[in-house]
Amino acid sequence: MKSVIERIRGMADVWPAERTFREGLITQLQRGFAAHGYRPIDTPVVESTELFLRKSGEERAAQMYAFDYRNRQIALRPEFTASVVRAFVAEGQGRPLPQRYAYCGPVFRYEKPQSGRSRQFTEAGVELLGARGPAADAEVIHLALASLEGLGLTDCTLRLGHLGVVGALLASLSLDDRVRDWFLWSMEQLRARGDDGLHRNLRDLLSAQQGFGANGAAATAEAGVAAADFPDLDGLSLDGLTEGQARSTVLSLLRGAGVELGGSNRSPEEIVERLLVKLRRPRVDFDIAHALAFLRRLIGLHGEPTTVLADTRALLADYGLDDGPVRELEEVLTLLQAYGHHQRIILDLGLGRGLHYYTGVLFEVHTGEVGGREAVIQLCGGGRYDDLAQILGARAPIPACGFACGVERIAAALVARGALVAEPAADLFVCGAGQVGMADLIAVAERLRRAGWRAELDLRGRRLAANLSYAERAGIPVVVIFGETELAAGEIVWRDLATRVERRYPLDDLPQPNSSDTSAER
RNA sequence: GUGCCCAUAGCUCAAUUGGUUAGAGCGCCGGUCUGUGGAACCGGAGGUUACGGGUUCAAUUCCCGUUGGGCACCCCA
């Protein structure tokens, strides 16, 4: 035997039992989507790499299956949202709003495989284009929760956040729109690693940039900019940097934040120029310190909704900011109650979700208790992305939100809760006995199939005993025997393997699926 | 991207601490049994010991690399 060709790392073969189980699961999800007016859409598995770079986080960009093919930059889709919005921009802009789309299919992310994570997995989800406000957000969140509930996953936890809080602050600081992304990213860093993590990250950036410029005349000057000279982020300043250093510092920060500089109609040089002008204004140091202090408080706001809402309102009041996001969250919570949801809900204003296209309400759904001992798996994620359509070329702003869930993870959660994954088997096994030709057997099998049965035909010409044994082991409940006697009489023998009862039926009057005189009903 | 564990027949595991031709159970296929299945008995197929190097008279066994699998971190569905 030749050496075996191995499966590509992170990819999975899905065997019939699992495959059938998933199919049922997906059908049920799609039925729920359809019940709310979401119609199925398919988009290509491959897209222009740029589609996913325009507004994705650094993390996402790094884990993309992207390659050059005949001078084109191609990527396997890492998600559906950008593709659906691209399709909408291309052909859907004339249609009545809102547009509701549902999708399901494989996506690809180059991550390290482990339990609940492979490099190809199946996302099912919806996008709601052209509707803003809590009612739209609540509909999408409801769909996520109801989908899981309908499948029997009732012990989920909803984690709900809102990027508008940090957005309100940033707007008040009159910083460039593009700096916003860097702060959102900082929020994630702060939340994940605390101040230390953020400082370390900044030092990494600065020292990496030192190595970068080490070949020019500026290298000696840069040697003075040791990482240790930036002990505190609040002291971030461009003072004492040469023009070139300042320029590359800003570039590094932006790139670190995953900001795509090529996606605008301004050149990277122009963008950096504008940023430098703003950063050099005397207020800027103060603004950044201000913003980071705000962020530190913000990421502390997570937990039980009523408490967190009050605390958030207080924070906004302290900074003289509008409490619009809090009112939205309140309304969303009210509407979720109207939908009849009673899942555990945690508000988390520090939620950032890596993807940089979110703009408002955003959420995740996890199994089990968050913070409890049980391993918590994220099943769904989504939120509001009001800017994406225009970033992808829509001629008007299109408010939008959506969510996606991981089919494999849901299946695993169901199995962990005792769901049965049954081996799919045919209803009938058709075999001969004695001297009966294959043509006659085929005729019988085809008659049974036309009657609605899933019938498997004996192709090995085995002994009857061997065939009975095979059907038994394959999980086929009934064996139809067509031998010389039956050929002469124009009937079949219908043998129920479980009860060992045999009945005879004329070929002209075969049993129907779901009729009460057979024991092999579906 | 970082760290840890693992790899012998389809499956579960052996192989006397480096020593003949790598074995067993289960499973699969066939026969005993040319029209009746969960049994028994008999036989058969199936391995470049994941792959590639190295050490050695000799490697499944020791070392390195690669690939694949598992787990945690990071991040996410």
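Both backbone and side-chain heavy atoms feed into the values below; hydrogens, waters and symmetry mates do not.
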Next on the checklist: Taking any heavy-atom pair under 4.0 Å as a contact, classify A/L379: base, sugar-phosphate, or nothing.
Outcome noted: sugar-phosphate
Checklist entry - Distance only, no hydrogens: is a donor on one side chain within 3.5 Å (strictly under) of an acceptor on the other, for A/Q73 and A/S48? => result no
Checklist entry - Between B/G38, B/G69, B/A77, which nucleotide gets closest to the side-chain atoms of A/E123? => result B/A77
Checklist entry - Nucleotide by nucleotide, 5' to 3', does protein get under 4.0 Å of the base (B), only the sugar-phosphate (S), or neither (-) in nucleotides 30-35 of chain B, counting heavy atoms? => result SS-B-B
Checklist entry - Is the centre of the A/F33 ring less than 6.0 Å from the centre of the A/Y38 ring? => result no
Checklist entry - Under a 4.5 Å cut-off applied to non-hydrogen side-chain atoms, are A/E149 and A/L145 in contact? => result no
Checklist entry - NA contact type, A/T81, heavy-atom cut-off 4.0 Å: base, sugar-phosphate, or nothing? => result nothing
Next on the checklist: What's A/G10 touching, base or sugar-phosphate or nothing? Going by heavy atoms closer than 4.0 Å.
Outcome noted: sugar-phosphate
Checklist entry - Quick one: which of B/G1, B/C74, B/G69 gets closest to the side chain of A/R9? => result B/G69
Next on the checklist: Using the C1' atom as the point on both nucleotides, what is the distance between B/U12 and B/G27, in whole Å?
Outcome noted: 11 Å
Item to check | Atom P, compared across B/U61 and B/G53: separation rounded to whole Å | outcome: 14 Å
Checklist entry - Can you find a side chain N or O atom of A/S469 that sits less than 4.0 Å from OP1 or OP2 on B/A39? => result no
Item to check | salt bridge (charged side-chain N to carboxylate O under 4.0 Å, His left out) partners of residues 74-86 of chain A, not counting sequence neighbours, each pair once | outcome: A/E47-A/R86
Next on the checklist: Please report the distance, rounded to the nearest Å, between CE in A/M11 and C1' in B/G69.
Outcome noted: 15 Å
Checklist entry - Once you round it to whole Å, what is the distance between P of B/C73 and CZ of A/R117? => result 9 Å
Next on the checklist: Taking only the C1' atom of each, what is the distance from B/U8 to B/A59 in whole angstrom?
Outcome noted: 14 Å
Checklist entry - Can a donor-acceptor pair be found between the side chains of A/Y385 and A/E127 at a distance below 3.5 Å? => result yes
Item to check | Interatomic distance where CD belongs to A/Q114 and P belongs to B/G1 [whole Å] | outcome: 14 Å
Item to check | Whole-Å C1' distance, B/A15 and B/A22 | outcome: 7 Å
Checklist entry - For A/R109 and A/I8, take the nucleotide of RNA chain B holding the closest heavy atom to each; which residue's nucleotide lies nearer the 5' end? => result A/I8
Checklist outcome for this item: Here the distance between atom C1' of B/C75 and atom OH of A/Y110, to the nearest Å, is 16 Å
Checklist entry - Are side-chain heavy atoms of A/L335 and A/L333 found at a separation under 4.5 Å? => result no
Checklist entry - Looking across every strand, which nucleic acid part, if any, lies under 4.0 Å from A/G125 by heavy atom: base, sugar-phosphate, or nothing? => result nothing
Checklist entry - Rounded to whole angstroms, how far apart are CZ on A/R119 and P on B/C75? => result 18 Å
Item to check | Inter-nucleotide P distance (B/A45, B/C4), Å rounded | outcome: 45 Å
Next on the checklist: Output the rounded distance in Å from CZ (A/F108) to C1' (B/C76).
Outcome noted: 17 Å
Item to check | Interatomic distance, A/F429 CZ vs B/U36 C1' [rounded to whole Å] | outcome: 13 Å
Next on the checklist: For A/Y470 and A/E456, which I'm curious about, is there any donor-acceptor pair between the side chains at under 3.5 Å?
Outcome noted: yes
Checklist entry - Do the side chain of A/E486 and the main chain of A/G483 share a donor and acceptor less than 3.5 angstrom apart? => result yes
Item to check | Span that lies between the P atom of B/U21 and that of B/G68, in whole angstrom | outcome: 34 Å
Checklist entry - Is there a donor-acceptor pair under 3.5 Å between the side chain of A/R39 and the backbone N or O of A/Y101? => result no
Checklist entry - Donor-acceptor pair, A/R19 side chain versus A/V14 backbone, under 3.5 Å? => result no
Item to check | Any donor-acceptor N/O pair under 3.5 Å between B/A77 base and A/E111 side chain | outcome: yes
Item to check | Dot-bracket encoding per residue of RNA chain B, Watson-Crick/G-U cut-off under 3.5 Å, | denoting interstrand | outcome: (((((((..((((.....[...)))).(((((.......))))).....(((((..]....))))))))))))....
Checklist entry - If you count the non-hydrogen atoms of other residues, nucleotides and ligands that lie under 6.0 Å from OH in A/Y110, is the total more than 12? => result no
Checklist entry - Does a side-chain N or O from A/Q378 land closer than 4.0 Å to OP1 or OP2 of B/A77, or not? => result yes
Next on the checklist: I'd like the P distance from B/G18 over to B/G10, given in whole Å.
Outcome noted: 28 Å
Next on the checklist: For the P atoms, the ones on B/C13 and on B/C6, what distance do you get once it is rounded to whole angstrom?
Outcome noted: 14 Å
Next on the checklist: Once you apply a heavy-atom cut-off of 4.0 Å, does A/R7 come out as touching a base, just sugar-phosphate, or nothing?
Outcome noted: sugar-phosphate
Checklist outcome for this item: note: A/K112, atom NZ; B/U2, atom P; distance rounded to Å ~ 7 Å
